[in-house]
2 protein chains.
Amino acid sequence: MEQDKNNAINATIKDVARLAKVSIATVSRILNGKETVSPHLVERVMSAVEELRYQPNAVARALKVRESLSMGLIIPDIENPFFPALVRGVEDAAQMHDYSVILCNTDGKPAEEERYIRFLYNKRVDGILFTGGRYSDDNVAMLATLSIPVVLLDRRVGSQLSTVVTDNYLGGFMATEHLIKRGRSRIAFISGPPELSSVQTRREGYVQALRQHGLSYGEELVLPGDFTFESGHRAAARLIADGLSVDAFFAANDMMAIGAIEYLRAYGIRVPEEIAAVGYDDIRMAAWYKPSLTTVRQPVYQMGQCAVRRMLELVSGGVRRYSEEVLRPELVIRDSSGSRGGKEQ
Amino acid sequence: MEQDKNNAINATIKDVARLAKVSIATVSRILNGKETVSPHLVERVMSAVEELRYQPNAVARALKVRESLSMGLIIPDIENPFFPALVRGVEDAAQMHDYSVILCNTDGKPAEEERYIRFLYNKRVDGILFTGGRYSDDNVAMLATLSIPVVLLDRRVGSQLSTVVTDNYLGGFMATEHLIKRGRSRIAFISGPPELSSVQTRREGYVQALRQHGLSYGEELVLPGDFTFESGHRAAARLIADGLSVDAFFAANDMMAIGAIEYLRAYGIRVPEEIAAVGYDDIRMAAWYKPSLTTVRQPVYQMGQCAVRRMLELVSGGVRRYSEEVLRPELVIRDSSGSRGGKEQ
DNA sequence: GTGAAAGCGCTAACAC
DNA sequence: GTGTTAGCGCTTTCAC
């Protein structure tokens, strides 16, 4: 009656203690390895653990210690090719610290975001990594009031939260300057959702590069877009409708760049000869597409890692330091931006 | 001293009970809505919940009820374009039932798989959804001994576990027969990792289609591959080295198909005119690639959903029924397999 | 219909 | 060093 549970499916710390003939406190001490316990007890306990195939119950631990060793990762959509690398970066870094990551897809809908934040809070995650969709300032504000560490990814919002972003200004600048150096002078910008700070900042970089090189800039050079392939199509259609007064474009992401190129080529317009193109993100396809796409690569995987690091600092630090980490993007030069000599060549 | 915690960050069920002047049992009953409670108490409790912004602690609940409302999802790599849709299917279905999903990337390494299985068991997830990498029968066996519901995804292994797969035999058959109907007669197969049951079964479908149409089949028609773009290159290189005695190929995934096409075209070989191609998966790029890729689409998102459904059945059913669900793939006909009239046209 | 109380499995004082 | 014990926040008998 006392020992018949040895082979039970779920051994508890109690079972281990009984089998090893020690108190549960001793078992706990040994398993957590913080205090010193005499070797012969260690041995007895460890073999009991073996025999019972004891696996500590993390739920009970979480309840007691108020630390679940889990974090929430809120993203718009894992099927959007930007996010897998981010998620992987987060997951790898989390796992390294014995943390689990709960994945949440919101499709950028504020209502879903709110649901998930509440959901994660219920689960008592130790922290939340958040990438918003559209303008979700409300939810960011809500996050700020929560008594939970938060790291914002790729979205710099006004509030007082830690953020990890890439330098979108620099990215936009590099892309545009590259086209200028390739001899282009009328450069359009295919925008993403204008509410996103990342998009705004890329555009600022674009504008500044034009200015700095004495090139003309006007609202008519900015084409609306929403990050989809199809909106690339539409932007190209407008370019054509406008009489093609442009000899290059910089798109706020690769998907739109490719959409636009496809459309232009369907109209017999040669890329890069007649119109040069630069994208943003360096998705996988950018390298394989014909013409291969010059683009601005974001260190997405590293962003994920950094975010986890920041979050863990917040969790353990206790003191809530609001930090901002800016990662440097990189220009990847391929065929779509034309050859060194410019369009004449 | 009794009520000064009202605005504390983390209200507990106790705080709510005190404020509403009822017992914690009553609060619990109302919040779970299973038993009937008199309306005036409901009102009092609900307004206390409001006032305190009470959020139940799921960890405590999980400990008590032995149900964490979370599941683990083990995949090789979220950056592999096959998986995002799967993950999304799982996540959506899970969320619909108030479940959270813990994502685990193993890179297909058995050691990582084992680590994660243990990890998830520690967290007392209610079930595990598992897609193995290579031949990980050991871990599948380990899963089988665990006292935890498991659903295997896309891998039919000998053991007694529930599985959700697509009909790879049918997929291979359809792909091959399509090429035959397009007038091709010497059809190569670019294989994936030969240990994967999915790959083996696709190959069986391929072989059977050839046989059934009285076409020759031999080992020399099977080219090794490992699902990467580069291995598609290599396969094409071998095709060329062999003197191109082939007028079509069927690749076990799209990535390799595209890799092979790229290589062939770099050698001036026209696709589909000289060599027709069919892939597998229908990744996003398949539609955009030039030539657009004829391929076999797997209902990946639905697989994720089905797997969750199965798992939830196991969890609630109590009785462990080992089921097997086979989803039907679909042939998506595009340009890479040539025109209806066959290669002569 | 409602409250009191036991206990899920664990950690961390606190005694000895 | 080691054991005893008090909870973490919740659900669920069991009485009334």
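A note on names: the letters A, B, ... follow the listed sequences, proteins ahead of strands, and every chain is numbered from 1. The figures here come from the full heavy-atom set of this structure, side chains too, leaving out hydrogens, waters and symmetry mates.
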For the residue pair A/R124 and A/Y121, would you count it as a cation-pi contact if the rule is NZ or CZ under 6.0 angstrom from the ring centre and within 45 degrees of the ring axis?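 Yes - A/R124 lies over the ring of A/Y121, closer than 6.0 Å to its centre and within 45° of its axis.
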The side chain of [X] is closest to which nucleotide in this list: [options]?
X     : options               : value
A/V65 : C/dT11, D/dT2, C/dG9  : C/dT11
A/K64 : D/dT11, C/dC10, D/dT2 : C/dC10
B/V37 : D/dC10, C/dT11, C/dT2 : C/dT2
A/S23 : D/dG3, C/dG3, C/dG9   : D/dG3
A/A60 : D/dT4, D/dT12, C/dC10 : C/dC10
B/S38 : C/dT11, C/dC8, C/dT2  : C/dT2
B/A25 : C/dT2, C/dG9, C/dG3   : C/dG3
B/Y54 : D/dT4, C/dC8, D/dC10  : D/dC10

How long is the line joining [atom1] of [X] and [atom2] of [N], in whole Å?
X      : N      : atom1 : atom2 : answer
A/N122 : D/dG9  : CG    : C1'   : 13 Å
B/R124 : C/dG9  : CZ    : P     : 9 Å
B/I13  : D/dT12 : CD1   : C1'   : 12 Å

Is there a side-chain polar atom (N or O) of A/T12 under 4.0 Å from OP1 or OP2 of C/dG9? no
Contact under 4.0 Å: B/S28 side-chain N or O vs D/dT11 OP1/OP2: yes
For the helix from C/dG1-D/dC16 to C/dC16-D/dG1, how many degrees between its two end axes (five pairs per end), to the nearest 10°?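 Inter-axis angle at the ends, rounded: 40°.
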Check: B/E51 and B/L19 side chains under 4.5 Å, non-hydrogen atoms: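 A side-chain contact under 4.5 Å exists here.
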State whether the distance check finds a donor on one side and an acceptor on the other, under 3.5 Å, for side chain B/R29 versus base C/dG3. yes
Is a donor from one side chain sitting under 3.5 angstrom from an acceptor on the other, for A/N105 and A/Y116? no
Scan [X] against the nucleic acid and name what it touches under 4.0 Å (heavy atoms): base, sugar-phosphate only, or nothing.
X     : answer
B/R66 : sugar-phosphate
A/V59 : nothing
B/T36 : sugar-phosphate
A/I24 : base

Rounded to the nearest 0.5 Å, how far does CD1 of B/I148 lie from CG of B/D126?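 Rounded to the nearest 0.5 Å, the CG-CD1 separation comes to 7.5 Å.
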